[in-house]
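Right, one structure below, let's go through it.
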Amino acid sequence: MNHATSSALTAREAIQRALNGEIGAFVDGRILTGSGDVVPLTVAATGESMVGYCDPDVEGAREVVESSVRGAALWAATDPFERAAILRQVSRAIGEHAEELAQLESATIGKTLRDARVEAAKISEMFGYYSGWADKVMGQTIPVPGNWHTYTERVPYGVVVAITPWNAPMFTAGWNAAAPLAAGNAVILKPSEFTPVSTVRLAQIAHGAGLPDGVFNVAVGLGRTVGVTLTTDPRVGKVSFIGSVATGRRVGIAAAGAGIPTILELGGKSANIVFADADLDRASDGAVAAIFSAAGQSCVAGSRLLVQRGINDEFLALVAEKAARLRMGDPLDPSTEVGPIITPAQFDVVRSLIARGIDDGAVRLTASELPGEITGSHLAGGQWVRPTLLDGVTPNNRLETTEVFGPVVGADVFDNEEQAIARANGTDFGLAGAVWTENVSRAHRVARAVRAGTFWVNAYKNIHVAAPFGGFGDSGHGRSSGPGAIDEYTQIKAIWVPTQTAAAPFPSLTY
Ligand code: NAD
């Protein structure tokens with residue numbers, strides 16, 4: 001058996017072990033295979049075709065909603081303390097299956113095993129965190145004039161649809177399921193058509209741990225069939241969408257047309273700002289991790305590196321040297337640091353955007369040829385892009401404002417704080433960013449001035465489900481993590497009770 005065959009086999013075997021080889025919607029605890037268009041899946045690391053599955057089409061998506069409507073009624077009526085206990089069990093079960101989930105994600109989408117292991121552990125943490133909120137969804141008592149006892153309750157929306165992208169399917173599934181479930185909703189997860197497997201397995205594990213039928217369903221399939229149906233079905237109470245700006249806008253408009261509110265978590269073009277007084281060794285480690293972890297396929301990737309004049313050459317040399325040392329290789333090898341580009345289409349996008357940046361005047365400071373570990377092995381046909389540092393990405397370079405979503409960072413110099421802030425704010429995105437400086441006052445000034453939903457000081461990419469996460473501007477709106485997510489996934493009801501029996505039958509003030 002040659003290596004090329006064995007990679008596809010590994011992926012197929014992982015799917016066989018996890019799902020009995022069946023990729024389909026997960027509804028009421030069962031896998032339902034579709035009968036629509038075939039969606040082919042490829043092995044990112046080798047370029048081989050792996051398996052295909054059938055799109056469930058509009059009818060399949062409607063069936064999932066039907067089950068979730070039943071699940072939502074049941075879950076909302078479940079005692080919150082019991083919901084909390086079940087979600088604790090889900091957290092525990094995911095923890096017990098963490099290595100299996102990590103191996104499955106790595107084998108089927110090409111995410112490095114080291115990243116997939118971290119993500120699997122974090123999903124268990126997400127359910128653990130939100131299990132703590134499930135029995136603490138509280139209203140308020142509101143003072144009003146007159147003789148009234150007025151109070152509020154937080155009411156779940158019913159069915160919440162979460163649509164996720166291909167770069168972190170398992171992680172975004174956990175992130176976008178745990179909070180709405182804790183708030184008392186049923187969830188339909190629609191993973192990217194390119195990466196459905198780990199999400200189905202995750203829902204299966206959650207069901208096995210005690211989530212009742214219909215409470216956590218998965219609708220695999222295409223955006224134009226399943227995605228459109230789920231985001232416009234009037235039985236759906238809320239949609240959270242994680243993906244590109246273009247699709248997010250489409251989803252926001254379509255859902256609004258059906259009266260469905262949305263949370264949109266979209267793309268970014270985040271600035272990583274390095275001042276001359278920074279600890280350059282730490283800052284260069286941070287800059288490398290910011291863009292090259294997950295091979296840059298990360299919404300918060302630090303894809304713009306702004307470096308103060310004076311340290312520019314020294315700093316970029318450090319980043320280039322550290323980038324060159326990153327280990328590319330088989331994603332399932334735990335020592336691999338940079339994996340392949342997950343989808344074939346994105347592989348083309350990344351390569352063409354590098355060429356465009358160079359056309360517009362940028363200079364490549366890192367090697368373009370792939371290392372021998374790739375070219376001389378069974379991985380030679382895979383979707384590989386070498387970590388790429390481009391210098392001279394000035395404001396008129398098309399890379400300045402275009403999200404690459406790959407291991408490509410564009411660098412440029414600035415002279416002072418005002419310039420750095422203006423540059424950081426020079427795109428329509430507003431997802432994340434960071435500043436590296438030893439000057440604490442400057443750190444706070446810059447953190448306050450940069451328009452972004454998440455900002456780090458002398459750090460990059462730390463996120464945790466306990467903290468709010470989301471975008472400003474084109475990067476979206478709404479926060480699906482932190483305590484505020486409970487508010488996002490519930491509606492407020494105000495209840496008025498007269499405390500005097502002689503309350504006026506026809507109030508003089510009406511609305
Ligand atoms: P995408 O927008 O192409 O697809 C996202 C999801 O939308 C997929 O599940 C797809 O099937 C579905 N979809 C497509 N058309 C649809 C439609 N008309 N109606 C409903 N659903 C539809 O995004 P992608 O290429 O999968 O992911 C990459 C993007 O995701 C990047 O821009 C990245 O920055 C962004 N992202 C954002 C976050 C965040 O939290 N802000 C996290 C991860 C990724």
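Both counts, for ligands and for their atoms, begin at 1 and track the order of listing. Start at 1 with the first residue, then count along the sequence.
Within a 6.0 Å sphere centred on CZ of R154, other residues, nucleotides and ligands contribute more than 12 heavy atoms. No more than 12 heavy-atom neighbours from other residues, nucleotides or ligands sit within 6.0 angstrom of CZ on R30.
The contact set between ligand 1 and I163, taken as ligand atoms under 4.0 Å from a residue heavy atom, comprises 6 (C), 7 (O), 9 (O), 12 (C), 20 (C), 21 (N). Residue G267 approaches ligand 1 through these ligand atoms, each under 4.0 Å from one of its heavy atoms: 32 (O), 34 (O). Against a heavy-atom cut-off of under 4.0 Å, T164 is close to the following atoms of ligand 1: 6 (C), 8 (C), 9 (O). Ligand-side atoms of ligand 1 in range of I242: 5 (C), 37 (C), 38 (C), 39 (C), 40 (O), 42 (C), 43 (C), range being under 4.0 angstrom from any heavy atom.
With a heavy-atom cut-off of 4.0 Å, V228 touches ligand 1 through backbone and side chain alike. Proximity of V245 to ligand 1, defined as any heavy-atom pair under 4.0 Å, is not found for any part of the residue. Under 4.0 angstrom from ligand 1, there are no non-hydrogen atoms of Q346. If you look at L230 next to ligand 1, there are no close heavy atoms at all, none under 4.0 Å.
The nearest heavy-atom contact from the protein to atom 40 (O) of ligand 1 is E265 OE1, 3.0 Å. Nearest non-hydrogen protein atom to atom 24 (P) of ligand 1 is W166 NE1, 3.5 Å. For atom 7 (O) of ligand 1, the closest heavy atom belonging to the protein is F241 CE1, 3.2 Å. Taking atom 15 (N) of ligand 1 as the reference point, the nearest protein heavy-atom neighbour is T247 CG2, 3.3 Å. Closest to atom 23 (O) of ligand 1, if we only count protein heavy atoms, is S244 N, 3.4 Å. Regarding atom 10 (C) of ligand 1, its nearest protein heavy-atom neighbour is E193 OE1, 3.5 Å.
Distances between N or O atoms of T231 and those of ligand 1 include no value under 3.5 Å. Considering both main-chain and side-chain atoms, R250 never comes within under 3.5 Å of ligand 1 through any nitrogen or oxygen pair. Where the criterion is an N or O separation shorter than 3.5 Å, residue side chain and backbone included, E403 meets it with respect to ligand 1. Looking at ligand 1, you won't find any N or O of T172 less than 3.5 Å from one of its N or O atoms. For ligand 1, one of its N or O atoms has an N or O atom of K190 under 3.5 Å away. For a threshold of 3.5 Å applied to N or O pairs, the pair formed by L266 and ligand 1 contains at least one separation below that value. An N or O contact shorter than 3.5 Å is missing between R224 and ligand 1 by distance.
Heavy atoms of S192 approach ligand 1 to within less than 4.0 angstrom. Within the 4.0 Å heavy-atom shell around ligand 1 one does not find F194. Judged by the shortest distance from any of its heavy atoms, P191 lies inside the 4.0 Å radius around the atoms of ligand 1. Taking 4.0 Å as the cut-off, W175 does not count as a neighbour of ligand 1 on heavy-atom distance.
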Legend entry - Verdict with supporting geometry, K461 and S293, side-chain hydrogen bond (donor to acceptor under 3.5 Å, both in side chains): CA-CA 10 Å; K461 254 195 162 182; S293 69; 2.7 Å; yes
Inset, instruction - List the steps and the verdict of salt bridge (charged side-chain N to carboxylate O under 4.0 Å, His left out) for E100 and R17. - result: CA-CA 10 Å; E100 176 210 324; R17 263 198 311 276; over 6 Å; no
Inset, instruction - Given side-chain contact (heavy atoms from CB on, under 4.5 Å), test I188 with L230 step by step and report yes or no. - result: CA-CA 9 Å; I188 302 176; L230 295 178; 4.0 Å; yes
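Taken to the nearest 0.5 Å, the CG atom of D330 stands 8.0 Å off from the OG1 atom of T10.
The only option from V58, L32, D28 that meets the side chain to side chain contact (heavy atoms under 4.5 Å, CB included) definition with E63 turns out to be L32. Among I23, T42, T108, V197, the single residue meeting the side chain to side chain contact (heavy atoms under 4.5 Å, CB included) criterion with V51 is I23.
Taking the side chain to side chain donor-acceptor pair (under 3.5 Å) definition, one finds that S244 meets it with T247, sequence neighbours left out.
The aromatic ring centroids of F216 and W75 lie 6.0 Å or more from each other.
The heavy atom nearest to atom 28 (C) of ligand 1, out of those in F171, F405, F469, is found in F405. In this structure, of T454, V251, T232, the residue bringing a heavy atom nearest to atom 19 (N) of ligand 1 is V251. Closest heavy-atom approach to atom 22 (C) of ligand 1 within the set S298, S480, G223: this belongs to G223. Of all the listed residues (G248, G243, A255), G243 holds the heavy atom that lies closest to atom 35 (C) of ligand 1. By heavy-atom distance, the residue among C299, A432, P165, G476 lying nearest atom 38 (C) of ligand 1 is C299.
Ionic pairing of D233 and R62 is not present here: no N-O contact between side-chain nitrogen and carboxylate oxygen is shorter than 4.0 angstrom.
Two residues are said to be in side-chain contact when any heavy atoms from C-beta on lie closer than 4.5 Å; T388 and R364 meet this criterion. Counting only heavy atoms from C-beta outward, the side chains of V160 and Y489 approach each other to under 4.5 Å. A heavy-atom distance below 4.5 Å is found between the side chains of I242 and N176. Looking only at side-chain heavy atoms (C-beta outward), E22 and V200 stay at 4.5 Å or farther from each other.
Within a 4.0 Å radius of atom 4 (O) of ligand 1, the protein contributes no heavy atom.
Between the side chain of N397 and the backbone N or O of G357 there is at least one donor-acceptor pair closer than 3.5 Å.
Side-chain atoms of S68 and N217 form a donor-acceptor pair, as typed in the model, at a separation below 3.5 Å.
Classified by interplanar angle (parallel below 30°, tilted 30° to 60°, perpendicular above 60°), the ring pair Y129/W133 is perpendicular.
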